[in-house]
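Remarks on the structure that follows.
Just so you know, ligand 1 is whichever comes first in the structure, and atom 1 is the first atom listed for that ligand.
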Amino acid sequence: MRILYATSEARPLIKTGGLADVSGALPVALRAIGLDCRLLLPGYPAVLAGVDAVKPVCTLNELPGGRVATLLEAAMPDNGVPLYILDAPELFQREGGPYQDVAGHDHPDNALRFAVFSKAAALLASSEFSKNAPLAWRPDILHCNDWQTGLAPAYLRLAGETTATVMTVHNLAYQGIFPPADLITVGLPPESFAVEGVEYYGNLSFLKAGLYYADRLTTVSPTYAEEIRQPALGMGMQGLLAARGDDLVGILNGIDSGEWNPSSDHHLPCKFSSRALIGKKHCKLKLQQDLNLEPSHDTPLFGIIARLAQQKGLDLILAVADGILHRGGQIALLGTGEKALEVAFRDLCAQHPGRVAAVIGYDEGLSHRIEAGSDLFLMPSRFEPCGLNQLYSLRYGTVPIVHATGGLQDTVEDGVTGFVFHEPTPHALWLAIERALHTYTDAKAWQRMMRAGMKRDFSWEKSAREYEALYQKLVG
Ligand code: ADP
């Protein structure tokens, strides 16, 4: 079975969040069970710089805005997953991130950029294209991810193509919303601008297009798949998602267990495992030194790694920070995002030297060292489609404290592998922290909990099998 996995980011080439982790790992797991899965990525500078032996395949002409792009063939570094790159320099080769410029503003032509990308994915999956193109490979399934690829199922269906499509929602909060005038930019017919189509409260939504036109919908945990059918977390899409309930499933993300393995992690000053936990103590001391925290074995160290966004419930952490410090705890935060949160954590750090560290930035190595060196991990997200850091925490013997939502609820077992609270309020979070601190004072009970988490299996193979079953159903 051939799958084209269209995504706007994939580790290790380009990453802004969890989508890149999934896109970097799931194709590898699908190939390991015998599926011919290939990636399609935009030709950002980091992508072009990160691959060797790039071969031009063909020119794509029928793209929105009269754009022309070159399809390049390469392979993902490290694992060799076949990779197609959409090279359109005026759209993708620019400074800043994949979606925003260096100042943090959305690129003004994002509608066109990701319409072009979606159309390219649709073309590669269409029978008409494969009749004439030099690329003989044609997927049985086009697997789209998030709003950046949401128009692809629309282009395919509106062209009368029957290739099966899957749309995965990694985070329903990002909907690719553009003014109605962009319907012309993206080259969709006026009749598609309807409730039964791409229209969303008077605007055009790329995500809605995918949710409406794709054959099957998935999201990244069973609980989130239920939550998004309800008004509270449906973000305005709940009606459509409830109506398409039979086509919507939640498949839990795995983690890249080669990359996130405390017994072989090259980012760590010292390795450890559930049988030999001593190395974790060294990781903690080294982390304290590196972050200018007072070195101490016994102090409970709370780690936080997150995009600094409203979703992540960081305001709840700020509300209980004094309580944590009062109880002798330390806090190590790594994150970047909303300025107000960056300032709030910087201030907290300035007020409590030696007790709070706030590294504002993006640092992959440090994220591994915080996972390894912390005792507890705070993840009070208001909603969380799957969440990866709680999984990394479990693997690294760092006991997670999480809000019972989405993938957090599906992966952390209260009182066994972590602590779960049910209301996204400072009070509920604080009660969970108190329970955790109480257990922390009992070294044996704490180690039991660490080991229980470390033994949980969150490898990709199980999830890959679930995707395979979904694909099988679609292609008969
Ligand atoms: P989301 O996709 O909503 O940001 P996830 O928990 O699903 O949240 O995935 C976040 C990923 O990004 C994880 O791999 C996490 O370690 C990483 N990450 C987030 N912020 C940072 C940062 N400042 N530095 C390094 N890695 C980060």
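Taking a 6.0 Å sphere around CD of E364, one finds it holds more than 12 heavy atoms contributed by other residues, nucleotides or ligands.
Considering both main-chain and side-chain atoms, M379 never comes within under 3.5 Å of ligand 1 through any nitrogen or oxygen pair. Taking only nitrogen or oxygen atoms, main chain and side chain alike, N389 reaches within less than 3.5 Å of ligand 1.
A cation-pi arrangement, defined by a distance under 6.0 Å to the six-membered ring centre and an angle within 45 degrees of its axis, is absent between K208 and Y200.
Separation of atoms OG1 (T168) and CG (L470) is listed at 8.0 Å; rounding is to 0.5 Å.
If you check each of I370, D363, L308 against atom 24 (N) of ligand 1, the one with the closest non-hydrogen atom is D363.
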What's the verdict on side chain to side chain contact (heavy atoms under 4.5 Å, CB included) for K455 and S274, showing C-alpha distance, side-chain angles and the deciding distance? CA-CA 8 Å; K455 285 185 185 142; S274 64; 4.3 Å; yes
Side chain to side chain contact (heavy atoms under 4.5 Å, CB included) between Y396 and W260: does it pass, once the steps are laid out? CA-CA 8 Å; Y396 281 58; W260 290 92; 3.7 Å; yes
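Below 4.0 Å from some heavy atom of L388 lie the following atoms of ligand 1, by number and element: 5 (P), 6 (O), 7 (O), 9 (O). The distance from ligand 1 to the heavy atoms of D21 drops below 4.0 Å at these ligand atoms: 11 (C), 14 (O). Close approach of ligand 1 to G17 (heavy-atom distance below 4.0 Å) involves ligand atoms 2 (O).
R94 has a carboxylate O that lies under 4.0 Å from a charged side-chain N of D109, or vice versa, which qualifies the two as a salt bridge. D457 has no carboxylate O lying under 4.0 Å from a charged side-chain N of K462, or vice versa, which leaves the two without a salt bridge.
Checked against R216 for a side chain to side chain contact (heavy atoms under 4.5 Å, CB included), the options D246, I141, L474 give a single hit: L474.
In this structure, atom 4 (O) of ligand 1 lies nearest to the protein heavy atom R307 NE, 2.7 Å. In terms of protein heavy-atom proximity, atom 21 (C) of ligand 1 is closest to Y362 CE1, 3.5 Å. Protein heavy atom at the shortest distance from atom 2 (O) of ligand 1 is G18 N, 2.7 Å.
The closest approach between any non-hydrogen atom of A306 and ligand 1 is below 4.0 Å. The shell of residues lying under 4.0 angstrom from ligand 1, judged by heavy atoms, includes K15. The closest approach between a heavy atom of K312 and any atom of ligand 1 is below 4.0 Å. Between G361 and ligand 1 there is a heavy-atom distance shorter than 4.0 Å.
Defined by atom type and a distance below 3.5 Å, a donor-acceptor pair is missing between the side-chain atoms of S367 and Y392.
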